[in-house]
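Reviewing the structure listed below.
Any value given below was found using the heavy atoms of this structure, including those in side chains, with hydrogens, waters and symmetry copies removed.
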Amino acid sequence: MPSTTTTVYAVIKATIEIPVRSSSPQETLEELQRVSLKEGEAILRGHLPEKFRLVGNPEFSHAVVRTA
């Protein structure tokens, strides 16, 4: 009888800061939050290695605006 192996996957919550784009002074907080979450999720999904995957929907925590 062949041996079956199983793998344990740890589901871990982490906060990751992702630079998404330039900001505009005319943006509302709601627009900033919506666009940041959408763009951040797309970046995560496109750059995570194959062995990693997002489980569930990412949640927006906060935005940090920095001047270059």
Side-chain angles (χ1 to χ4, degrees):
M1 191 170 190
S3 170
T4 303
T5 61
T6 60
T7 303
V8 175
Y9 289 85
V11 177
I12 299 170
K13 289 186 179 188
T15 301
I16 301 170
E17 185 178 284
I18 303 169
V20 290
R21 63 180 172 70
S22 297
S23 65
S24 166
Q26 289 79 27
E27 280 184 304
T28 66
L29 181 57
E30 291 79 18
E31 290 171 328
L32 178 64
Q33 180 179 350
R34 179 182 50 78
V35 174
S36 294
L37 178 59
K38 179 181 172 186
E39 292 179 14
E41 181 177 358
I43 291 168
L44 279 173
R45 291 191 187 279
H47 287 81
L48 283 175
E50 282 186 31
K51 291 186 178 186
F52 297 92
R53 67 184 184 96
L54 292 179
V55 179
N57 295 320
E59 294 178 20
F60 181 84
S61 173
H62 61 279
V64 176
V65 179
R66 294 192 176 109
T67 304

Does any N or O in the side chain of E39 come within less than 3.5 Å of the main-chain N or O of S36, such that one atom is a donor and the other an acceptor?
->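 Such a contact is absent between E39 side chain and S36 backbone.
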Got a sec: does the CZ of R21 have more than 12 other heavy atoms crowding it under 6.0 Å?
->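 It does: R21 CZ has more than 12 such atoms within range.
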With the side chain counted from C-beta on, respond yes when Q26 and S24 share a heavy-atom pair under 4.5 Å apart, and no when they do not.
->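 Yes, side chains in contact.
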Are R34 and E30 ion-paired here, with the side-chain N under 4.0 Å from a carboxylate O?
->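 The answer is no: the pair does not qualify as a salt bridge.
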Do you reckon [X] sits in the same ILVMFWY cluster as [Y], going by side-chain contacts under 4.5 Å, direct or chained?
X	Y	result
Y9	L54	no
F52	V55	no
V20	L37	no
L48	I18	yes

Distance from I43 atom CD1 to I16 atom CD1, nearest 0.5 Å?
->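 Atom-to-atom, I43:CD1 and I16:CD1 are 11.5 Å apart.
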So, for [X] and [Y], which heavy atoms are closest and what is the spacing to 0.1 Å?
X	Y	result
G56	R45	O-NH2, 3.8 Å
L32	E27	CD1-OE1, 4.0 Å
P19	E17	CD-O, 4.1 Å

